[in-house]
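Everything on this sheet refers to the single structure shown next.
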Protein chains: 2
Amino acid sequence: MPDHRTGGGDPAHTLRLLWRQPDDAPRRGPRQGRSLDDILTAAITLADAEGLAAVTMRALAQAVGVAPMTLYTYVPGKAELLDLMLDAIYAGMPRPDRSGAPWRTRVVAVAADNRNLFATHPWAAEVATGRPPLGPGQLAKYEYELRAFDDTGLDDVTRDAALTYVLDFVRAAARSATEARSAQQESAWTDEQWWTANAPLLTQVLDERRFPTAVRVGAAAGAAQNAAYHPDHAYEFGLARVLDGLGVLIDAGPGAND
Amino acid sequence: MPDHRTGGGDPAHTLRLLWRQPDDAPRRGPRQGRSLDDILTAAITLADAEGLAAVTMRALAQAVGVAPMTLYTYVPGKAELLDLMLDAIYAGMPRPDRSGAPWRTRVVAVAADNRNLFATHPWAAEVATGRPPLGPGQLAKYEYELRAFDDTGLDDVTRDAALTYVLDFVRAAARSATEARSAQQESAWTDEQWWTANAPLLTQVLDERRFPTAVRVGAAAGAAQNAAYHPDHAYEFGLARVLDGLGVLIDAGPGAND
DNA sequence: CAGTAACTTCGTACATTGTACAACGTACTG
DNA sequence: CAGTACGTTGTACAATGTACGAAGTTACTG
């Protein structure tokens with residue numbers, strides 16, 4: 001009896017899929033016409049091209065060339081599909097040997113790797129992963145990225161926290177960038193149009209006496225960054241702060257170096 | 001003709017709602033039975049109690065005591081409703097005078113205020129705000145929080161970036177906490193159940209030779225933090241790093257102090 | 001004071017989503 | 001060869017946001 005419980009009903013099954021562990025029972029009936037990876041490749045391509053919202057079971061089925069319900073013989077449900085997509089793109093990330101470089105260089109590179117991931121697959125930053133899928137991609141990624149903190153003198157618990165801190169930063173930056181981009185596209189208003197349309201009410205309401213700092217700083221920030229530039233700037237600024245913050249922790253340690 | 005365009009079709013209208021600017025045209029027809037704030041209060045209560053997913057137009061209408069479609073005379077659509085909810089809770093945040101305290105104290109307090117906001121209204125961290133709703137709550141919040149960087153010597157552009165950096169950190173931490181919590185609830189599996197159910201496959205697959213660092217660090221991190229404690233720890237660790245990172249920037253400035 | 005226009009309220013309806021269910025055919029097991 | 005487990009698919013259902021139009025209510029216009 002096929003087990004199509006609602007999303008996440010059977011974590012053991014998802015784990016078997018993540019690790020591509022074939023069901024040990026002898027297979028009867030017709031063989032499957034596609035592979036799990038066929039499904040995942042199509043899903044990732046679809047998500048890359050048209051966003052996570054475009055990945056509906058029907059659209060995916062059409063891309064794969066099967067009926068919608070057929071997908072459920074490959075994947076227990078949509079939640080598991082997303083987990084598998086995520087693990088697949090994790091598995092494909094580059095992992096060059098950087099063991100010679102100082103820790104700052106390595107951490108910058110890890111951040112950049114993740115930033116590139118989110119640039120190629122913006123949807124990845126949106127997928128909720130409360131209990132992250134412990135697949136081979138996720139694990140290889142974790143293993144590799146932990147190595148960025150080799151020779152920093154951090155104990156294991158702190159090392160995990162430091163990595164989480166860096167990754168959460170990059171992910172948040174990616175989400176902000178995506179939100180800004182989609183807000184602009186969805187509304188179909190350029191920033192200029194928006195401002196001229198709302199200027200009358202805004203000038204009336206943005207009282208410099210009530211909000212002196214906000215008006216001044218907002219104007220300065222808005223002028224300095226034409227909106228397109230903003231996400232990049234936020235990333236650069238934030239990454240510098242992240243490194244400085246970790247630097248205080250690491251370089252203060254006993255016999256700190258690198 | 002009432003204008004019910006699809007979400008975000010008319011930003012000027014949303015602005016008028018945010019600032020409670022009454023339509024200047026003379027009102028004909030029956031007066032509305034509720035106020036916009038009635039709607040928002042009900043929506044926020046609903047979201048606080050049952051999550052953002054529970055805020056459907058039908059459920060909200062029932063809570064307010066009207067038919068679903070009636071809501072559209074108060075609000076152009078669901079997207080605008082969310083913007084208004086967000087601005088409303090921003091408006092309600094505490095803003096005590098902390099002008100005497102050193103900047104670190106002020107920034108810690110700002111972070112804590114936001115953390116409390118997300119503790120009370122977890123849904124707020126999930127609402128996408130590409131172009132943030134420039135309402136009175138948002139603006140008062142921005143004005144107040146920028147003041148945390150008074151006397152730090154930061155120029156206006158940097159001050160905005162620094163605040164964004166702090167707020168994005170808190171928001172990311174809140175999202176992680178929410179994701180972890182909901183993953184646990186949805187699956188209805190305790191962590192213990194999950195581990196014992198998956199131990200057979202995991203021990204087979206978590207090869208210490210392939211993933212030596214990951215297995216060791218993961219075990220250490222898992223042991224140090226029983227899962228319930230994890231979000232708090234990540235927040236404390238991250239906030240310390242955020243402050244250190246800003247400290248390098250601020251205390252290095254010309255005539256730096258406070 | 002009558003007529004009209006603007007406005008609120010709401011019932012119905014539609015497209016879209018994930019996925020449960022059952023029918024049907026296929027291939028392996030006994 | 002019979003039985004059974006499985007792959008594939010058509011149909012169907014509940015839930016969502018919201019478009020549309022009817023019905024009723026109020027204020028402005030002449």
Side-chain angles (χ1 to χ4, degrees), chain A residues 1-10 13 17 22-36 38-39 43 46-47 50-85 127-128 186, chain B residues 1-10 13 22-36 38-39 43 46-47 50-83 85 127-128 186:
Chain A
M1 198 185 312
D3 187 19
H4 292 165
R5 308 275 194 74
T6 321
D10 184 2
H13 186 198
L17 287 174
D23 214 333
D24 46 352
R27 320 297 286 153
R28 258 182 245 201
R31 218 147 300 153
Q32 290 187 313
R34 331 277 145 152
S35 71
L36 176 56
D38 288 341
I39 312 289
L46 193 56
E50 310 190 39
L52 199 54
V55 183
T56 68
M57 298 305 267
R58 284 169 237 261
L60 177 56
Q62 185 161 31
V64 175
V66 298
M69 287 312 293
T70 303
L71 295 176
Y72 289 89
T73 65
Y74 296 85
V75 157
K78 190 169 186 183
E80 291 80 357
L81 171 70
L82 294 175
D83 283 347
L84 288 161
M85 290 167 64
V127 177
E186 276 174 29
Chain B
M1 199 184 311
D3 188 19
H4 292 164
R5 308 275 193 73
T6 322
D10 184 1
H13 187 196
D23 213 334
D24 46 352
R27 321 296 287 151
R28 256 178 247 202
R31 218 145 302 153
Q32 291 186 313
R34 331 276 146 153
S35 71
L36 176 56
D38 288 340
I39 311 290
L46 192 56
E50 310 189 40
L52 200 53
V55 183
T56 69
M57 298 305 267
R58 283 168 237 262
L60 177 56
Q62 186 160 31
V64 175
V66 298
M69 286 312 292
T70 302
L71 295 176
Y72 288 89
T73 63
Y74 296 85
V75 157
K78 192 170 185 183
E80 291 81 356
L81 171 70
L82 294 176
D83 283 346
M85 290 167 64
V127 177
E186 277 173 28

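All values below were derived from every heavy atom in this structure, side-chain atoms included, with hydrogens, water molecules and symmetry-related copies excluded. Protein chains get the first letters and strands the later ones, always in sequence-line order, with residue 1 at the start of each.
Protein atom NZ of A:K78 is 14 Å distant from nucleotide atom P of C:dA20, rounded to whole Å. Rounded to whole Å, the distance from CD on B:Q32 to P on C:dA6 is 17 Å. Between B:L52 atom CG and D:dG17 atom C1' the separation is 14 Å, expressed in whole Å. One interatomic measurement links the two molecules: OH of B:Y74 to C1' of C:dC10, which rounds to 12 Å at whole-angstrom precision. If you take CE of B:M69 and P of C:dT8, they are 13 Å apart, rounded to a whole angstrom. We find that CZ of A:R34 is positioned 12 Å from C1' of D:dG7, with the value rounded to whole Å.
Counting heavy atoms from C-beta outward, B:L81 and B:L71 have side chains that stay 4.5 Å or more apart. The shortest distance between side-chain heavy atoms of B:V55 and B:L82 does not fall below 4.5 Å.
Atoms CE and CG, on A:M85 and A:L60 in that order, are 8.0 Å from each other to the nearest 0.5 Å. Taken from CE in B:M57 to CE in B:M69, the straight-line distance is 8.0 Å, to the nearest 0.5 Å.
Considering only residues two or more places apart in sequence or on other chains, B:R58 meets the side-chain contact (heavy atoms from CB on, under 4.5 Å) condition with B:T56, B:P68. Every residue two or more places apart in sequence or in another chain that forms a side-chain contact (heavy atoms from CB on, under 4.5 Å) with A:E50 is listed here: A:L46, A:A54. For A:L84, the side-chain contact (heavy atoms from CB on, under 4.5 Å) partners are A:L17, A:L18, A:R20, A:L36, A:L40, A:V75, not counting sequence neighbours.
Less than 4.0 Å separates DNA chain D from at least one heavy atom of each of the following residues of residues 56-66 of chain B: B:T56, B:M57, B:R58.
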Determine all donor-acceptor pairs shorter than 3.5 Å in which one atom belongs to a side chain in residues 27-34 of chain B; sequence neighbours excluded.
{"residue": "B:Q32", "atom": "NE2", "partner": "B:T73", "partner atom": "O", "Å": "3.0"}
{"residue": "B:Q32", "atom": "NE2", "partner": "B:T73", "partner atom": "OG1", "Å": "3.4"}
{"residue": "B:R34", "atom": "NH1", "partner": "B:V64", "partner atom": "O", "Å": "2.9"}

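In this structure, A:D38 contributes its side chain and A:S35 its backbone to a donor-acceptor pair below 3.5 Å.
The phosphate of D:dG7 has neither OP1 nor OP2 within less than 4.0 Å of any side-chain N or O from A:T73. Side-chain nitrogen and oxygen atoms of A:T70 include at least one within less than 4.0 Å of the OP1 or OP2 phosphate oxygen of D:dT9. Applying the 4.0 Å criterion to OP1 and OP2 of D:dT9, one finds that A:Y72 has every side-chain N and O outside that range.
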Pull out every protein N or O sitting under 3.5 Å from an N or O of nucleotides 22-29 of chain D, one pair per line with the distance.
{"residue": "D:dT26", "atom": "O2", "partner": "B:G29", "partner atom": "N", "Å": "3.4"}
{"residue": "D:dA27", "atom": "OP1", "partner": "B:R31", "partner atom": "NH2", "Å": "3.0"}

